[in-house]
*Asks:* 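Questions regarding the structure given below will be posed in turn.
Letters A, B, ... are given to chains in the order of the sequence lines, protein chains preceding strands, and every chain is numbered from 1.
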Amino acid sequence: MTTDTTTTGAPAEPSGDPDALPYRYNAALAAEIERRWQDLWEERGTFHTPNPAGPWATPEAIKGEKVYLLDMFPYPSGKGLHVGHPLGFIGTDVLGRYLRMTGHNVLHAMGFDAFGLPAEQFAVQTGAHPRKTTEDNIRRYKAQLRQLGLAHDPRRSVATTDVEFYRWTQWIFLKIFESWYDEEQQKARPISELVEEFAQGKRRTPDGRGWCELTTAEQRKVIDSYRLAYVSEAPVNWCPGLGTVLANEEVTADGRSERGNFPVFRRNLKQWMIRITAYADRLIDDLDRVDWPESVKAMQRNWIGRSEGAQVRFPTTTNTGERVDIEVFTTRPDTLFGATYMVLAPEHPLASQLPPAEWPEGTDERWTGGAATPAEAVTAYQRATSRKSELDRQENREKTGVFTGAYATNPVNGKKIPVFIADYVLMGYGTGAIMAVPAQDQRDWDFAAVFGLPVVRTVDPGEDWDGEAFTGDGPAINSANDEISLNGLNVADAKRTIIDWLEEKGYGKSVVQYKLRDWLFSRQRYWGEPFPIIWDEDGPLPVPEDQLPVELPEIADYSPKTFDPEDADSEPEPPLSRAKDWVRVDDKHWRETNTMPQWAGSCWYYLRYLDPENDERFVDPEVERYWMGPDPNKPGDPGGVDLYVGGVEHAVLHLLYARMWQKVLYDLGEVSAEEPFRKLFNQGYIQAYAYTDERGVYVPAEEVVQNPDGGFTWNGKPVNREYGKMGKSLNNVVTPDEMCERYGADTFRLYEMSTGPLEASRPWSTQDVVGSQRFLQRVWRNIIDERTGELRVTDEAPDDDTMRLLHRTIAGVREDFEALRYNTAAAKLIEYNNHLTKTYGKVGVPRAAAEPLVLMMAPLTPHIAEELWQRLGHEESLAYGPFPEADERWLTVDTVEYPIQVNGKVRSRMTVPADADNAALEAAALADPKVVELLAGRTPKKVIVVPGRLVNVVG
RNA sequence: GUCCGAGUGGCGGAAUGGCAGACGCGCUAGCUUGAGGUGCUAGUCCCCGUUAUAGGGGGUGGGGGUUCAAGUCCCCCCUCGGACACCA
């Protein structure tokens, strides 16, 4: 081997410069060791994972229980990695290495989510093809990740932009396109089965004609309306600044694009949608079957927003004398008797049909908005609302609205109640109309207060209630008519009773509402998967499977046409539409020119890792069942990846979309797992301090020093400290490359894992990294002579204290690794090594004490462990074990030190035989001189003996 | 506003209801070195006390409670972070 080039050769005399020692573990030696082992692992295919079937079938190589570990795959940005990015990757790697050493068949791979806007924008600016930029970036990412020593199966790396990958993305899309959701069976079924049902008359056509009476075009229209992927002309989020439409999830609460922060307008445009709403119930219900953080489950439940309630019709009359019903959705039908007015969203279709010519006699002045007629008031209010941005509408929560001049009839008591329009009712939820019950809804209460509307309490809030709207449970009051009385019933019973009555009378019905909308699936971009769809004049047609993939055409200009960000009336124009020859299939057929959103590839990449070279199927069914199938030993187990690690920022979007795709594939019998991710773990983030000078300019964080008084200065000038992200613009980026160069990958890995539990966010602190390196140096020094490079271990047997500590350490470290508590595992290894240094530092560590340490370090610091293992004389890599096992014999001890508490405070200690029974412990404690002194002759009231813990004397 | 998380030394963080502060950084002292640094050894929660030992008291955001015993369990409040946000 070679180490420090300056000092190879004769052992140097001990000097003041420890780095001059030729065999000292320092950054240079680490670099050499790390590179060598990384090459060896690659050459030997150490981390190639066997499959039971498919193109890579080597069932004979499979040993032990399978474990599928997965990281949320990265987008390969041009900026490269900073030290925060690999935190989770290292975390899964440590677990994977530990599991491999303990006899598991571990699948762990890394790919790239490589479609997306930045490469396209870079292409627009520079003319470089997005594929070139993307592939360059992927290469750089791979190099950066490789130097960290991650034990991925390199053969399984995929990128969503690989033609062979997106061929299957398109194939899955076709499956979705060729399916419909059978509400009765609660599952997706092939569209051919729907056609059969129509043809056999089992299912009625929308207008009641027989299936055969419909023209082919009409039949197609009917069928298309059932598909899980469909085109609809519907209000969508049009973002002129980006030149594309966006999914609801990509629009911020203040009506702007998540990327770029451009204004977003609601426009009716023809776009592809995926019928995720069909899965709303299963997406909520199956959350109970997965092992995910409660917070993420809560976010998904919240996003899907299931609420059970009733739809109720309130009859009224339009200004042309037509009798119509205002349909409302309410979750509180039990409060119907307290509905004292109604509100329509300003955009509600009835809003302009209701106003009569004149204000009714005696209309309250506050209700008219100062307008001469109801129609004028409504029009003016509608106009004012449409001018308000989403943000204004949300920030300004004072209740506004106008009376439409019309009254509707409350079906439970026949009372005429006024109908308003107000912007606190949203057209996008429920029916866009509400019954207002000020007594039990604070928003209605606030509105009623402004407009002087009556309040009728229908739930008794109790005597000492002095609040406004009461939303709690209580007995119903004031809620009876000639036929029915809810009085005295609690909320739940009252709901049931009134819904039965409404259904019986035909006034309403029980319904379930969701906040979740269908998923807008098309984008006007170049760098995405083309749809495997061609059009004729009657609609979309699937590209036959054997003609996949539909490859992205080459075009001159990659940019979507963007517009003035404020130009709401502009029309999207996808870049693919410019590839005229590609678009035109023949005289009657042309290609779909939208592309899929970036989420598409991440909806199924975890399936492709399983069988990346299969060109017959997206994954071999047996391979899928092996790695992801439900565990028959766990009833209700939905299957899925065994551990999925990533940031919480994907709580809703990616995780919801992927779950839906998985369920479609499951329904169609293509996969055996009902859920993609059986267990989810949210890693924390590495954050960093940033510093600004008095001008507010970010100064290099690396060069800032802390003063004794606690302040911070840069070049002697005081600076302000902020805490948050790491970023180029904040001048505080630290890269893994720098850390590998200054300390080595093992030190870097160990540092990241020791600074806290994996789920915790924590600040980056370069100065602390040295602690991890010192530990590795001390281990190295205990085994290798720093001057000669010779082994220092002895063949002596370790003493009993060392054996006991060793086996306690083994037991503890195993537990910690399994629970992803790498910080405490590292602490135990440090303690053990400190013990070895203290006990054997001068004479050499017994081999039997050193080898287990090396093995236990391997998951955390694999390179130095492999190196030491080899130097200790082992020819086989330790990647597959053996991991030390704790011996019960050394976990028991002869004597134990017990703390003795008096009244809950530790006052003394005693050492007693480990097998002492409670009576003996009590006697020994009471005989303790300190206890005798404190009791001063009194008899203790009680003595608590906790075996193995302590004795508490209560006096 | 609603729903989640979290508050422990100068800092990152440890502690199946049972000895608070493991381990690391930093700091202090000593050693080594011509010197410095990523070297070595020891110390390092706060207060009182002692020449030094020995002692004694307090302490996990604040207040209450359960318990022989609470950082840990329960109730109320405060602060910070995140998600959602007029969803009827």
*Asks:* Using a cut-off of 4.0 Å on non-hydrogen atoms, how would the nucleic acid contact of A:V946 be classed: base, sugar-phosphate, or nothing?
*Replies:*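 Here A:V946 touches the bases of the nucleic acid.
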*Asks:* A cation-pi test, strictly: NZ or CZ of A:K399 under 6.0 Å from the centre of the six-membered ring of A:Y424 and no more than 45 degrees from its axis. Yes or no?
*Replies:*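 Yes.
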*Asks:* If you check every side-chain atom of A:R778, which of B:rU38, B:rC19, B:rC40 has the closest atom?
*Replies:* B:rC40
*Asks:* From C-beta outward on A:I830, which listed nucleotide comes closest to its side chain: B:rC86, B:rC23, B:rC19?
*Replies:*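 Taking heavy atoms from C-beta onward, the closest nucleotide is B:rC23.
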*Asks:* Let's test this: given Watson-Crick or G-U wobble pairing with both distances under 3.5 Å, identify the partner of B:rC3.
*Replies:*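 Base partner found: B:rG82.
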*Asks:* State which of B:rG26, B:rG18, B:rA88 makes the closest approach to the side chain of A:Q767.
*Replies:* B:rG26
*Asks:* What I want to check is whether the side chains of A:Y514 and A:D281 have a donor and an acceptor closer together than 3.5 Å.
*Replies:*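 Looking only at side-chain atoms, A:D281 and A:Y514 do form a donor-acceptor pair, the distance falling under 3.5 Å.
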*Asks:* From the set B:rU16, B:rA88, B:rC84, return the single nucleotide nearest to any side-chain atom of A:V425.
*Replies:*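 The answer is B:rA88, which lies nearest to the side chain.
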*Asks:* Choose from B:rU41, B:rC86, B:rC68 the nucleotide whose nearest atom is closest to any side-chain atom of A:T837.
*Replies:* B:rU41
*Asks:* Considering only side-chain heavy atoms of A:Y429, which listed nucleotide, B:rC68, B:rA88, B:rC19, is closest?
*Replies:* B:rA88
*Asks:* Looking for any heavy atom pair under 4.0 Å, which part of the strands does A:T330 touch: base, sugar-phosphate only, or nothing?
*Replies:*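 If one applies the 4.0 Å heavy-atom cut-off, A:T330 turns out to touch the sugar-phosphate alone, with no base involved.
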*Asks:* Any side-chain N or O of A:R907 less than 4.0 Å from the OP1 or OP2 oxygen of B:rA69?
*Replies:* no
*Asks:* Would one find a side-chain N or O of A:K930 under 4.0 angstrom from OP1 or OP2 of B:rG56?
*Replies:*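 Yes, within the criterion.
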*Asks:* Measuring from the side chain of A:L950 (C-beta onward, heavy atoms only), which nucleotide among B:rC86, B:rG18, B:rC23 has the closest atom?
*Replies:* B:rG18
*Asks:* Looking at B:rA88, B:rC23, B:rU38, which one has an atom nearest to any side-chain atom of A:I434?
*Replies:*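 It is B:rA88.
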*Asks:* Base, sugar-phosphate or nothing for A:S307? Non-hydrogen atoms, less than 4.0 Å.
*Replies:*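 The residue A:S307 makes sugar-phosphate contact but no base contact.
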*Asks:* Nearest to the A:V770 side chain among B:rA83, B:rC25, B:rC68, which nucleotide is it?
*Replies:* B:rC25
*Asks:* For A:R24 and B:rG39, is the shortest distance between a side-chain N/O and OP1 or OP2 below 4.0 Å?
*Replies:* no
*Asks:* Answer yes or no: does a side-chain N or O of A:R781 lie under 4.0 Å from OP1 or OP2 of B:rC40?
*Replies:* yes
*Asks:* Dump every N/O contact between nucleotides 12-14 of chain B and the protein below 3.5 Å, one line per pair.
*Replies:*
residue, atom, partner, partner atom, Å
B:rG12, O2', A:T755, O, 2.7
B:rG13, OP1, A:S761, O, 3.2
B:rA14, OP1, A:N823, ND2, 3.1
B:rA14, O5', A:N823, ND2, 3.4

